[in-house]
Amino acid sequence: MTQQTLLPPLTPADQLNATLAAQGFAVLGATSVCALAGVQIEDLQALEPSWNDLPPDQYLKDGGRYRRRRHASFEVTTQQAAAMPHRAHWQPLSYNALHGGMQRWFEPMSPEVVQQAAWQKLLCWLGRVASAAQGDQTWFTEAHQFRIDTTDGIGRPTPEGAHRDGVNWVAVFLVGRHGIKGGETRVFDMDSPRGQRFTLSEPWSVLLLDDSRVIHETTPIQPELAGGWRDTLVVTLRSGGFLDEPTR
């Protein structure tokens, strides 16, 4: 029996800000992403081969081998995305009970990716989205390239479960998926039982989240073909500074 997938509730490009304000999240198709960010889909597709060169995540506490990733940090405004010196990724246990409370030094993203004009435009667009909602400012931004695969028979995009990231805004771009089933996205209100579930499948579609208002998760993936995988780009934007381990 073929598994039924729920299509994402796409928001028209001109209604993005209003939708984020009304419900705390929005999903855009790739055409809208390109129009709003001022990029060509071919330029985004040119970034995709870098997902084939992600090293294993060495910090998985469940002992899994299903996650590969790279990480980079930026200070982003509406006009500029400045790369910052490589830093550890840190989250408090209150946001990530599984992997919080420790410095995770992931391998850096490739200069060939972060120096691309399309990459810069993508981050500046996210800066404009955040600034439209909360005022023009510098956004302390972390980017994560993920590949979740079925090496272990099952891959867990969010092994920590439904969560917040401890930032202001989160963008989850679906870069591609191959030979898998599952990977359903779920978004829930923080203060009500209301939620939505759907499956991102279009490359370079994006889920935008107000991290103060909603929690999110993605269900495990299972193989339909040998070597199945799901690639995403997760970008977080935070006001006031990066999330750092508090000094004692």
Side-chain angles (χ1 to χ4, degrees), residues 8-30 32-39 71-84 87 89-92 94-96 100 109 114 118-144 158 160 162-174 185-192 194-196 200 204-218 232-246:
L10 294 181
T11 295
D14 61 356
Q15 295 177 28
L16 173 60
N17 294 346
T19 301
L20 286 173
Q23 65 182 21
F25 77 95
V27 184
L28 295 175
S32 295
V33 169
C34 290
L36 291 170
V39 299
H71 172 243
S73 300
F74 305 84
E75 290 186 4
V76 174
T77 67
T78 58
Q79 301 295 325
Q80 184 178 12
M84 294 291 102
R87 59 189 295 114
H89 178 55
W90 187 86
Q91 292 175 295
S94 56
Y95 288 113
N96 189 333
M109 290 178 60
V114 301
W119 176 260
Q120 299 283 317
K121 289 180 179 179
L122 204 63
L123 292 189
C124 290
W125 166 58
L126 294 175
R128 292 195 295 275
V129 173
S131 289
Q134 291 186 269
D136 199 1
Q137 59 189 286
T138 297
W139 294 97
F140 297 86
T141 299
E142 295 187 59
H144 306 261
T158 53
E160 65 271 38
H163 66 283
R164 293 168 58 202
D165 286 348
V167 296
N168 294 72
W169 299 93
V170 180
V172 182
F173 293 88
L174 190 282
T185 297
R186 297 176 178 179
V187 182
F188 307 96
D189 280 357
M190 284 287 294
D191 54 4
S192 83
R194 186 178 65 179
Q196 289 207 41
L200 295 173
W204 296 104
S205 57
V206 66
L207 167 64
L208 293 164
L209 302 158
D210 181 342
D211 196 51
S212 69
R213 292 175 56 189
V214 297
I215 58 177
H216 63 282
E217 67 176 339
T218 302
T232 55
L233 168 67
V234 177
V235 181
T236 65
L237 299 93
R238 191 171 188 268
S239 178
F242 291 105
L243 256 178
D244 283 318
E245 184 174 12

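- Put simply, the side chain of T141 gets close to the backbone of W139: a donor and an acceptor are under 3.5 Å apart.
- With sequence neighbours left out, H216 forms a ring pair (Phe, Tyr, Trp, His ring centres under 6.0 Å) with H163.
- Applying the side chain to side chain donor-acceptor pair (under 3.5 Å) definition to pairs two or more places apart or across chains, those involving residues 232-242 are Q137-S239.
- Judged as a side-chain hydrogen bond (donor to acceptor under 3.5 Å, both in side chains), and not counting sequence neighbours, the contacts of W204 are E48.
- Of the possible polar contacts, one joining the D211 side chain to the G166 backbone as a donor-acceptor pair under 3.5 Å is found.
- In this structure N17 satisfies the side chain to side chain contact (heavy atoms under 4.5 Å, CB included) test together with A132, sequence neighbours excluded.
- In this pair, F74 and W119 present their aromatic rings tilted. The plane angle is within the 30 to 60° band.
- Under the side chain to side chain contact (heavy atoms under 4.5 Å, CB included) criterion, T138 pairs with E75, T77, F140, sequence neighbours left out.
- By the 4.5 Å heavy-atom criterion applied to side chains, L10 and L28 are not counted as neighbours.
- Going from atom CZ of R128 over to atom CG of L123 covers 11.0 Å, rounded to the nearest 0.5 Å.
- The side-chain hydrogen bond (donor to acceptor under 3.5 Å, both in side chains) test applied to Q120 returns no partner, not counting sequence neighbours.
- Remark: R194 fails to qualify as a cation-pi partner of F188 under the 6.0 Å distance and 45° angle criteria applied to the six-membered ring.
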